[in-house]
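What follows is one structure encoded as structure tokens, with my remarks underneath.
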Amino acid sequence: MAESPITPRDKDFATWYQDVVIQGDMAEPAEIVKGCMVIKPNGYAVWEVLQRELDTRFKATGHQNVYLPLLIPESFLKKEAEHVEGFAPELAVVTVAGGKKLEEPYVIRPTSETIVGHFFGKWIQSYRDLPMLLNQWANVVRWELRTRMFLRTTEFLWQEGHTAHSTHEEALEEVIRMLKVYAEVAEDVMAMPVIMGAKTKAEKFAGALRSYSIEAMMQNGLALQAGTSHDLGQNFGKAFDVTFQSKEGKLDYVWQTSWGVSTRLIGGLIMTHSDDKGLVLPPKMAHRKVVLVPIFRKEEERALVMEAAVKLAAEVGAHIDTRDGHSPGAKFFHWERRGVPIVLELGPRDVAAGTIVLKRRDTGVKEVIPQTELAARVAATLEAMQKDMFIRAKQRLADNTVIANSLEEVRAILDDVTAEKGGGKFVMAHLKDDPSNDAAIKEFRASVRNIPLTDEYDGPGKCIITGEEVERRVVIAKAY
RNA sequence: CGGGCCGUAGCGCAGCCUGGUAGCGCGCUUGCUUGGGGUGCAAGAGGUCGGGAGUUCGAAUCUCCCCGGCCCGACCA
């Protein structure tokens, strides 16, 4: 018998993650281009579910999809000083095209704020053109020095929302609205609990007034920034001269927002739910929710079992694994590694007894149920699984969140935590939003993840570094 | 980008130190067998030893350069 190809989590979390991604047939390193990956059908299907869930909500909140050029004139990036400074180190630049050196190089988009700024300038004249609510599904390239599949790759897929508003208040409402959409998809669809909050000034998006994020906790206790929403203020409006005339006839710059989530969410999904046997998908994220494995020996049995299998599979929309030459056991392992929520087993004994075996992926519990109850039991099990997986993840987040009242405490808690060994915690501490304080936290390889929107702790307190009074505790953790 | 480990059949690895024309397990193909958690037996197919240059009569093996992967950092919406 072959050994499990998946490294246990407690042995080496980072290797476990790699194993799950590959054994779950989600993706593999491209190898031909540094830091890039190939997203395989089983992984892309998960992305398609996310796209559908997000896109539906974007449309419901009044946004429309657009598509903008992949290449950006280098000069565009330079129009917003902070923006170019933030992105310059990770840009890939096209200098030759059509066999000729370009007069002005093109940058492969790391994000599209600058291009959007340009077109907003063309499209917006009046307050009647506002708000302009756009979204783009696209790929972007950032030349990261260290990559991990799904979590940080050179090229990745994402959506980037870009909106323009006539007032700052309205823009801020948009920023929070979309942050909440992200939180809703993370929690209700991905069963991945998140903390909504503001990034510190030091951690904000290059060119933004304020950034907000949803932060999730992986099974090793490390934080994952799962989505961001930015209040761009009038920074890009001014850089690209995006003005509009108000009702009163006054000219003003638009107030912009941008927000995005990426294929990184898939990495978060994996590190939230999967186990030592492989991928575990919450039912709402599974493109294939139920698989039926038929079992038979002789030809007469095959006919009998298959007849019942086809009928039952149709009732619950199950995929029947009809592959020849694979034993049922091999098929069980196959689907288990791929995270299918429910696997049904149907053999001669079941056909004779009018029963069927139902196994749920998350708990591994197997039960024999009457065929007449199949549809109801499958529906109930999927629903229970979705709920249970969220509760377990939420509990883990709670169990690994601790309070600290001094910098030394924070250091002690986060000391010796790494991606491979785990042991990470979310440390809640009072800390003033000041870049020098972020720097102090960085000393021990952690960061302020965000300042939660809602305070679930003890309200105001003294900053553990400066002693100044601050409104609430912030989340400090090591992160991907 | 710094430090460490690594790249040999689809996958996991041995061989490398001490140069002599490539091997094991799994998987794959065919046949029989088996089938309720990776069936068993038999016969087969499959390799530019990551790439290039050098040393040598001869390089998977020694030297140099490059490409790529993983981990720890730095960096990073």
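Residue numbers begin at 1 in each chain, while the letters A, B, ... track the order of the sequences.
The residue among A:Thr15 and A:Leu346 whose nearest nucleotide of RNA chain B is located toward the 5' end is A:Leu346. Comparing A:Ile356 and A:Lys421 along RNA chain B, the residue whose closest nucleotide (by nearest heavy atom) sits nearer the 5' end is A:Ile356.
The side chain of A:Ala330 lies closest to B:rG38 when the candidates are B:rG36, B:rG38, B:rC75. Considering only the side chain of A:Lys34, B:rG68 comes nearest among B:rG35, B:rC72, B:rG68. Comparing atom distances between the A:Phe333 side chain and each of B:rG38, B:rG68, B:rG36 picks out B:rG38 as nearest.
Taking the six-membered ring for Trp and the full ring otherwise, the centers of A:Trp143 and A:Phe87 sit at least 6.0 Å from each other. Between A:His168 and A:Trp255, the ring centre distance stays below 6.0 Å.
Checked by distance alone, A:Arg297 brings no side-chain donor or acceptor within 3.5 Å of a matching partner on the base of B:rG35.
Across all strands shown, A:Lys298 has no heavy atoms under 4.0 Å from either base or sugar-phosphate atoms. As judged by a 4.0 angstrom heavy-atom cut-off over every strand, A:Ser211 is placed among residues making no nucleic acid contact. A:Ala30 comes within 4.0 angstrom of nothing in the nucleic acid, heavy atoms only.
There is no side-chain donor-acceptor pair under 3.5 Å between A:His334 and A:Asp321.
Distance CZ (A:Arg146) to P (B:rA74): 10 Å, rounded to an integer number of Å.
The side chain of A:Arg148 places an N or O atom within less than 4.0 Å of a non-bridging phosphate oxygen (OP1 or OP2) of B:rC72.
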